[in-house]
Amino acid sequence: MQAVNASPSGEPVTVPELEVVNDFSIHVATVNGSGSQSSNLVLLRALFEMGIPVSGKNLFPSNIAGLPTWYTIRASKFGFTGRKKEVDFLVAMNPQTAHEDVQSLDPGRAVVYDESLGLDALRDDLCFYPVPFDPITAAVCPQPKLRKLVRNMVYDGVLAALLDIEMEEIRKAIEKQFATKPKAAELNWNAARAGCDWATENLVKRDPYRLERMDGNKGKIIVEGNAAAALGAVFGGVSVITWYPITPSSSLAEAAQGYLNRFRVDESTGKATFAVVQAEDELASIGMAIGAGWAGARAMTTTAGPGISLMSEFVGLAHFAEIPVVLIDVQRMGPSTGLPTRTSQGDFLSAATLSHGDTFHPMLIPATPEECFEFGAKAFDVAERLQAPVFVMLDLDLGMNYWTADKFDYPDWDIDRGKVLSEEDIERLQGDWGRYRDVDDDGVPYRTIPGNRHPQAAYFARGTGHDEDANYSEREEDWIRNMDRIQKKMAGARKWLPEPVIEDGPKARVALVAAGTSHEAVREARSQLRLEYGFETAYCRVRGWPFSHATEEFIAEHDHVYVVEQNRDGQLRMLLRRQFPAIHDHLRSVCYYGGMPLDARTITDAIVDQEGL
């Protein structure tokens with residue numbers, strides 16, 4: 001360690017001797033509604049185009065404007081894209097939180113701040129960089145009304161000077177961000193350039209952090225999980241989307257409508273070959289989606305936890321009447337209104353068994369944008385094969401944040417509509433068919449779609465008791481036969497769901513199980529356990545429920561299996577125990593439920609504590 005000055009007139013501060021290159025976090029603290037999202041995305045894209053693996057986490061309030069917001073950009077030459085618990089480089093632009101933000105830093109970290117805040121008086125063990133943002137902004141933006149929005153772009157230029165971010169990439173990122181507003185692009189570029197020039201002339205580099213070009217993003221893109229899932233749904237053949245606005249799923253429906261407008265308009269007539277309906281509430285949205293599924297459309301709705309709660313009775317109808325429909329749940333903090341802009345995995349149990357009575361709904365659980373795209377498409381095949389509601393379980397972190405991803409592969413599978421009888425099929429059967437008969441002994445009956453003109457094609461889609469031929473029935477044997485058949489159908493659902501991803505090894509002392517965005521934190525935590533403690537682990541990432549036999553075998557092979565998830569009660573663990581009761585004593589919990597994206601250090605510390613390392 002060595003002593004250096006925090007600023008030209010600062011007190012000595014202790015910082016690491018060695019440079020920290022392409023492996024640190026930038027934490028920007030601003031005010032919601034101040035235009036900081038544009039400057040943060042410009043930073044993110046500039047780092048991405050420099051070839052540095054990067055991710056962005058947006059922590060924002062659920063009001064319109066005025067409350068604190070934070071954006072964390074993580075650069076990791078090792079490719080770790082989960083949240084980093086420690087803040088390395090703070091940009092303090094919000095007077096409301098500046099003192100608390102500074103006090104939370106570890107010694108040796110760096111702070112860029114508005115000089116009017118006087119933050120350098122708070123501590124003498126940080127690298128402070130005071131910047132006169134208002135004079136710099138005023139010099140390049142003559143219109144006072146626009147200065148609040150342009151001001152944040154100045155810190156992009158300051159960071160470029162201090163961290164060696166290439167200004168050419170900043171310029172290109174600004175042009176992309178304001179592609180339809182050339183005057184705004186020019187104004188923001190001038191602000192970024194002014195910030196860089198001022199920092200170059202007035203600040204002395206005092207911290208160890210630096211960025212340099214590498215080749216870590218070849219063939220990759222930056223994308224939000226919601227946009228990826230929306231595009232997947234389009235490739236999966238969705239033709240009806242019904243939705244009601246709710247954070248954090250609204251952008252998924254909006255993105256899907258944008259893609260459909262581009263790719264699903266008949267060129268000869270100019271008419272849409274799809275329908276996107278913003279309903280009056282969640283009940284209407286799921287009701288319309290189920291009706292469209294019954295009519296033969298590939299239909300979906302998007303929602304979050306509160307919407308799932310409201311949809312309960314309708315989902316039970318689709319389960320019992322056996323109507324295919326896809327629900328994409330972008331999970332957020334609950335119960336009740338909860339924290340609408342915080343992430344969670346708190347809907348696993350409710351989605352799996354939604355509605356009263358004995359119900360069971362398959363879930364696909366993506367962990368990456370690539371899987372959002374893939375599962376967003378394949379969910380429709382699963383729903384139509386099973387003739388049932390199917391959930392795709394994202395969360396706010398995956399859905400609303402930007403992730404580095406491989407370019408999506410064009411789907412190489414054929415759409416599978418399941419067991420649908422045509423007019424010719426019914427004629428061949430001489431009309432002898434029943435909507436709820438188990439002909440193939442797999443629990444999945446045959447169905448017809450409205451528009452089939454055969455006189456024997458019609459049936460009643462019933463949510464009440466019925467026999468094999470869809471006739472109303474309250475007979476005990478008919479009810480039990482139906483319930484047992486549906487149970488058999490759902491038990492076979494696992495063959496249509498994605499297999500788990502398993503990483504095992506002979507030296508593994510314990511195992512971890514996780515799903516969804518917990519994956520990125522688990523991946524890094526395993527590295528920390530290995531490098532810091534010499535502790536090897538095995539890992540199973542489940543991607544669908546009901547769980548596969550491979551998941552059961554994995555758990556059985558390890559005495560201590562830590563189930564890592566983002567809810568208080570261990571819902572993933574409960575589902576594992578429900579399906580595999582004979583091996584439930586192998587399972588332990590690592591639960592985080594603070595609303596922030598899960599970080600690796602939280603997992604590492606929990607396992608170290610429970611294992612007594």
Side-chain angles (χ1 to χ4, degrees), residues 25 53 55 57 74 76 78-86 225 331 343-346 348 363-372 393-398 401 403-405 498-505 507-545 547-548 550-551 554-555 557-568 570-573 575-576 586-611 613:
S25 64
S55 62
K57 308 290 185 188
R74 181 177 186 183
S76 172
F78 306 108
F80 294 131
T81 55
R83 182 173 73 94
K84 190 171 187 276
K85 192 171 187 178
E86 304 82 10
Q331 300 168 88
T343 195
S344 171
Q345 293 180 327
F348 284 156
M363 297 186 294
L364 291 83
I365 313 172
T368 64
E370 296 95 328
E371 290 182 346
C372 288
M393 305 297 290
L394 281 70
D395 61 38
L396 184 148
D397 182 25
L398 180 56
N401 284 324
W403 299 74
T404 301
E499 286 289 322
V501 177
I502 294 175
E503 300 176 28
D504 211 340
K507 296 182 180 180
R509 296 169 62 180
V510 303
L512 291 81
V513 173
T517 53
S518 299
H519 168 62
E520 285 301 325
V522 167
R523 193 166 67 88
E524 187 175 2
R526 294 181 68 212
S527 175
Q528 291 175 353
L529 288 166
R530 181 175 63 255
L531 296 175
E532 297 173 16
Y533 296 91
F535 193 80
E536 296 289 341
T537 60
Y539 177 37
C540 172
R541 178 166 66 87
V542 297
R543 303 193 295 163
W545 187 77
F547 307 114
S548 73
T551 301
F554 176 86
I555 294 172
E557 290 171 356
H558 301 89
D559 293 333
H560 292 179
V561 180
Y562 291 92
V563 184
V564 180
E565 50 190 311
Q566 298 172 63
N567 58 71
R568 184 194 66 187
Q571 296 182 23
L572 186 62
R573 182 190 179 195
L575 290 173
L576 287 163
H586 294 222
L587 302 176
R588 302 182 175 191
S589 281
V590 175
C591 295
Y592 171 75
Y593 47 95
M596 301 289 286
L598 180 61
D599 66 276
R601 186 57 61 184
T602 294
I603 300 171
T604 299
D605 290 348
I607 293 175
V608 167
D609 180 61
Q610 294 192 51
E611 290 293 317
L613 299 179

Considering non-hydrogen atoms only, spot the tightest contact between Asp397 and Thr343 and give its length.
N-OG1, 3.1 Å
Which heavy-atom pair separates Cys372 from Gly225 by the least distance, and what is that distance?
CB-O, 3.7 Å
Please name the pair of heavy atoms, one in Asp599 and one in Ala521, separated by the smallest distance, quoted to 0.1 Å.
C-CB, 3.7 Å
Please name all residues satisfying ring pair (Phe, Tyr, Trp, His ring centres under 6.0 Å) with Phe348, sequence neighbours left out, ordered by chain then number.
none
State whether a side-chain donor-acceptor pair under 3.5 Å links Thr81 with Glu520.
yes
Mind checking salt bridge (charged side-chain N to carboxylate O under 4.0 Å, His left out) for Arg573 and listing every partner two or more places apart, or none if nothing turns up?
none
Minimum heavy-atom distance between Phe547 and Gly544, given as atom pair plus value:
CD2-O, 3.4 Å
Is it true that Arg541 and Glu499 have a side-chain N and a carboxylate O under 4.0 angstrom from each other?
no
Take Leu598 and Thr517 through the side-chain contact (heavy atoms from CB on, under 4.5 Å) test and state the conclusion after the steps.
CA-CA 8 Å; Leu598 180 61; Thr517 53; over 6 Å; no
Just to verify, what does Arg601 make a side chain to side chain donor-acceptor pair (under 3.5 Å) with, not counting sequence neighbours?
Glu532
Less than 4.0 angstrom from a charged side-chain N to a carboxylate O is my criterion; do Glu524 and Lys85 meet it?
no
Verify, without hydrogens or angle tests, whether Thr604 (side chain) and Ala600 (backbone) share a donor-acceptor contact under 3.5 angstrom.
yes
For Val501 and Arg543: C-alpha separation, side-chain torsions, deciding distance, then whether side-chain contact (heavy atoms from CB on, under 4.5 Å) applies.
CA-CA 8 Å; Val501 177; Arg543 303 193 295 163; 3.9 Å; yes
Indicate the ring-plane relationship of Tyr562 and His560, choosing parallel, tilted or perpendicular according to the 30° and 60° boundaries.
perpendicular
Asp395 vs Ser344 side-chain heavy atoms within contact, under 4.5 Å
no
Taking His586 for its side chain and Ile555 for its backbone only, find out whether a donor-acceptor pair lies under 3.5 Å.
yes
Which value, rounded to the nearest 0.5 Å, describes the distance between Ile502 atom CD1 and Glu557 atom CD?
8.0 Å
Dump the intermediate steps for side-chain contact (heavy atoms from CB on, under 4.5 Å) on Val561 and Val510, then the final yes or no.
CA-CA 6 Å; Val561 180; Val510 303; over 6 Å; no
Between Arg526 and Glu503, is there a salt bridge with N-O shorter than 4.0 Å?
yes
Between CZ on residue Arg588 and CG on residue Asp559, distance to nearest 0.5 Å:
9.5 Å
Taking atom OG1 of Thr537 and atom CZ of Arg530, what is their separation to the nearest 0.5 Å?
7.5 Å
Output for pair (Arg568 CZ, Ser589 OG), nearest 0.5 Å, gives 12.5 Å
Would the distance check show the side chain of Gln345 and the main-chain N or O of Gln566 forming a donor-acceptor pair, the cut-off being under 3.5 Å?
yes
If you define the side chain from C-beta out and look only at heavy atoms, does anything of Trp403 sit under 4.5 Å from Leu398?
yes
To the closest 0.5 Å, what do you measure between CZ (Phe554) and OG (Ser548)?
11.0 Å
Decide yes or no on side-chain contact (heavy atoms from CB on, under 4.5 Å) for Arg509 and Phe535, but give the supporting numbers first.
CA-CA 7 Å; Arg509 296 169 62 180; Phe535 193 80; 3.3 Å; yes
Checking Thr368 now: which residues fulfil side chain to side chain donor-acceptor pair (under 3.5 Å) with it, not counting sequence neighbours?
Glu370
Report yes if some heavy atom in the side chain of Leu587 is under 4.5 Å from a heavy atom in the side chain of Leu576; otherwise report no.
yes
By side chain to side chain donor-acceptor pair (under 3.5 Å) - contacts of Glu565 (at least two apart):
Asn567
Within the 3.5 Å criterion, strictly below it, is a donor on Glu86 or Ser25 matched to an acceptor on the partner's side chain?
no
Euclidean distance, Leu529 CG relative to Glu611 CD, rounded to 0.5 Å:
9.5 Å
Please list, chain by chain and in numerical order, all residues satisfying side chain to side chain donor-acceptor pair (under 3.5 Å) with His558, sequence neighbours excluded.
Asp504
Looking at side-chain heavy atoms only, is the closest gap between Ser518 and Tyr592 below 4.5 Å?
no
Which pair of heavy atoms, one from Ala550 and one from Pro500, lies closest together, and at what distance?
CB-CG, 4.1 Å
